[in-house]
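Just follow the structure's listing: the first ligand is 1, and inside any ligand the first atom is 1. From a predicted model like this one, the values you see are computed outputs, not experimental measurements.
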Amino acid sequence: MPNPTPRKPVYVLNGPNLNLLGKRQPEIYGHETLEDVAEACAALAEDLGLTIRFHQTNHEGALIDWIHQARDQGAGIVINPAAYTHTSVAILDALNAFDGPVIEVHISNVHKRETFRHHSYVSLRADGVIAGCGTEGYRLALRRIATLLAKT
Ligand code: DQA
């Protein structure tokens with residue numbers, strides 16, 4: 001049932017190279033573009049009674065700035081930090097300063113891939129992690145955020 005109470009938006013944040021979704025390594029990441037993902041997320045969010053702010057950047061600091069913005073303006077965060085997952089203490093620190101639910105998404109199953117992808121700094125903060133479900137992972141993450149927000 002859609003939630004009639006107006007809520008702060010859920011931030012859906014995407015890290016480096018995800019702007020090339022559909023073009024880069026489609027055997028791993030599929031043929032859908034990030035625009036397709038944004039549209040599917042917006043449609044599902046409406047069904048769930050959520051609003052979203054969907055962003056992508058190739059810059060670590062920009063991701064951190066959106067996470068900071070979400071501290072005041074966001075109800076939850078869905079984040080695919082892409083390669084920064086495996087390297088960024090700064091993104092972990094920013095997420096640790098955010099109080100709402102955080103779901104980490106990876107389109108590919110990072111655990112089936114190179115060992116350097118097996119470790120995630122972001123997982124130290126994430127309330128849930130979805131990997132290997134393709135772009136459907138974003139929709140699964142939004143459903144989980146809706147469940148968690150309904151409890152608050
Ligand atoms: C990714 C997995 C990361 O290891 C990789 O660097 C990406 C995308 C994924 O969605 O599967 O860029 O986060």
Please check if any side-chain donor atom of N58 sits under 3.5 Å from a side-chain acceptor atom of E60, or the reverse.
no
Just to be sure I understand the cut-off, which residues have at least one non-hydrogen atom under 4.0 angstrom from an atom of ligand 1?
R24, Y29, N80, A82, A83, H86, H106, I107, S108, V110, R117
Does any pair with a residue in residues 105-123 pass salt bridge (Lys or Arg N to Asp or Glu O under 4.0 Å), and if so which ones, sequence neighbours excluded?
E114-R117
According to the ring-ring contact (aromatic ring centres under 6.0 Å, His included) rule, which pairs have a member within residues 54-73, sequence neighbours left out?
H55-W66
Which residues share a side-chain contact (heavy atoms from CB on, under 4.5 Å) with T33, sequence neighbours left out:
E35, D36
Quick check on the 6.0 Å ring-centre criterion: do Y121 and H119 meet it?
yes
How many angstroms lie between atom CG of L13 and atom OH of Y84, to the nearest 0.5 angstrom?
13.5 Å
